[in-house]
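Have a look at the structure below before the remarks.
Note that the structure is a prediction, hence the values are computed from the model and not measured.
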Amino acid sequence: QVQLVESGGGLVQAGGSLRLSCAASGWTFSRYRMGWFRQAPGKEREFVGVISRNGGSTSYADAVKGRFTISRDNAKNTAYLQMNSLKPEDTAVYYCAAAASLLANTDRNDYNYWGRGTQVTVSS
């Protein structure tokens, strides 16, 4: 059974940090690009960042560039989103997603599998 499970969300003060994890099972993790998206109340789901299959390449949305870092451990079938210098506007449900296409980037339609999300709340 294909599964993606996010964890690590919570409540943090502005300026703080959180590290989200995304554990995959039921498929060959290393063959997929891994993306992170987020969705704030009343807004569309938006791209946060993506990492290549071997972890050698990453790309980020301008809103998080320099503050967020995506990594992965293919031996553990897990992707990570390290979030530093958090701002109240980072408050959202964060989702990880897996894409078979090597071209998958910002478009959520390119992603094949999705987790259920984890809530991140940043207080001012």
Side-chain angles (χ1 to χ4, degrees):
Q1 181 180 2
V2 172
Q3 267 197 320
L4 281 172
V5 180
E6 302 94 337
S7 62
L11 174 64
V12 64
Q13 287 189 332
S17 298
L18 280 176
R19 187 195 196 201
L20 306 184
S21 298
C22 172
S25 61
W27 44 285
T28 308
F29 180 73
S30 60
R31 294 183 180 175
Y32 288 75
R33 290 167 64 83
M34 293 301 298
W36 286 92
F37 289 76
R38 66 185 182 184
Q39 188 166 16
K43 295 188 177 181
E44 289 192 357
R45 193 170 299 188
E46 66 174 4
F47 171 78
V48 173
V50 63
I51 189 167
S52 62
R53 295 184 300 177
N54 66 1
S57 173
T58 53
S59 178
Y60 301 94
D62 287 343
V64 306
K65 201 172 293 183
R67 300 187 298 122
F68 290 12
T69 303
I70 298 174
S71 60
R72 66 189 296 163
D73 185 337
N74 285 346
K76 295 182 178 179
N77 290 346
T78 303
Y80 304 96
L81 178 64
Q82 177 67 43
M83 305 185 293
N84 298 329
S85 302
L86 282 161
K87 306 175 181 180
E89 51 264 44
D90 294 318
T91 295
V93 176
Y94 283 72
Y95 300 88
C96 64
S101 170
L102 295 178
L103 299 178
N105 195 17
T106 62
D107 188 348
R108 59 187 180 184
N109 294 315
D110 289 338
Y111 291 79
N112 306 95
Y113 305 131
W114 289 84
R116 293 187 175 184
T118 185
Q119 176 70 46
V120 171
T121 303
V122 184
S123 64
S124 57

Applying the 4.5 Å side-chain criterion to the ILVMFWY set and letting contacts propagate, would [X] and [Y] be lumped into a single cluster?
{"X": "Phe47", "Y": "Met34", "result": "no"}
{"X": "Tyr60", "Y": "Leu86", "result": "yes"}
{"X": "Phe29", "Y": "Val2", "result": "yes"}

Quick check: closest heavy atoms across [X] and [Y], and the distance to 0.1 Å?
{"X": "Val50", "Y": "Ala104", "result": "CG2-O, 4.3 Å"}
{"X": "Gly117", "Y": "Val93", "result": "CA-CG1, 3.8 Å"}
{"X": "Val120", "Y": "Gly9", "result": "CG2-CA, 4.2 Å"}
{"X": "Tyr95", "Y": "Gly115", "result": "CD2-O, 3.5 Å"}
{"X": "Tyr111", "Y": "Ala99", "result": "CD2-CB, 3.5 Å"}
{"X": "Ala79", "Y": "Trp36", "result": "O-CZ2, 4.0 Å"}

- Side chains of Ser30 and Arg53: closer than 4.5 Å at any heavy-atom pair?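 No - every pair of side-chain heavy atoms lies 4.5 Å or more apart.
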- Task: Return yes when atom NZ of Lys65 has more than 12 non-hydrogen atoms of other residues, nucleotides or ligands closer than 6.0 Å, and no otherwise.
- Result: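 Atom NZ in Lys65 is packed in, count exceeds 12.
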Which distance, rounded to the nearest 0.5 Å, do you find between the [atom1] of [X] and the [atom2] of [Y]?
{"X": "Gln82", "Y": "Arg67", "atom1": "CD", "atom2": "CZ", "answer": "12.0 Å"}
{"X": "Cys96", "Y": "Tyr80", "atom1": "SG", "atom2": "OH", "answer": "12.0 Å"}
{"X": "Arg19", "Y": "Met83", "atom1": "CZ", "atom2": "CE", "answer": "11.5 Å"}
{"X": "Asn77", "Y": "Cys22", "atom1": "CG", "atom2": "SG", "answer": "10.0 Å"}
{"X": "Asp110", "Y": "Leu102", "atom1": "CG", "atom2": "CG", "answer": "11.0 Å"}

- Item | Sole residue of Val64, Asp90, Thr106 in side-chain contact (heavy atoms from CB on, under 4.5 Å) with Val48 |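 Running side-chain contact (heavy atoms from CB on, under 4.5 Å) over Val64, Asp90, Thr106 with Val48 returns exactly one hit, Val64.
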- Ion pair check, Arg116 and Glu6, cut-off under 4.0 Å: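 Salt bridge: no.
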[Y] backbone acceptor or donor facing [X] side chain under 3.5 Å:
{"X": "Thr58", "Y": "Ile51", "answer": "no"}
{"X": "Arg72", "Y": "Ser52", "answer": "yes"}
{"X": "Arg38", "Y": "Ala92", "answer": "no"}
{"X": "Asn54", "Y": "Asn74", "answer": "no"}
{"X": "Tyr94", "Y": "Ser7", "answer": "no"}
{"X": "Trp114", "Y": "Asn112", "answer": "no"}

- Item | Arg108 NZ/CZ over Phe37 ring centroid, <6.0 Å and within 45° of normal | no
- Anything under 30° is parallel, anything over 60° is perpendicular, the rest tilted; go ahead and classify Tyr32 against Trp27. perpendicular
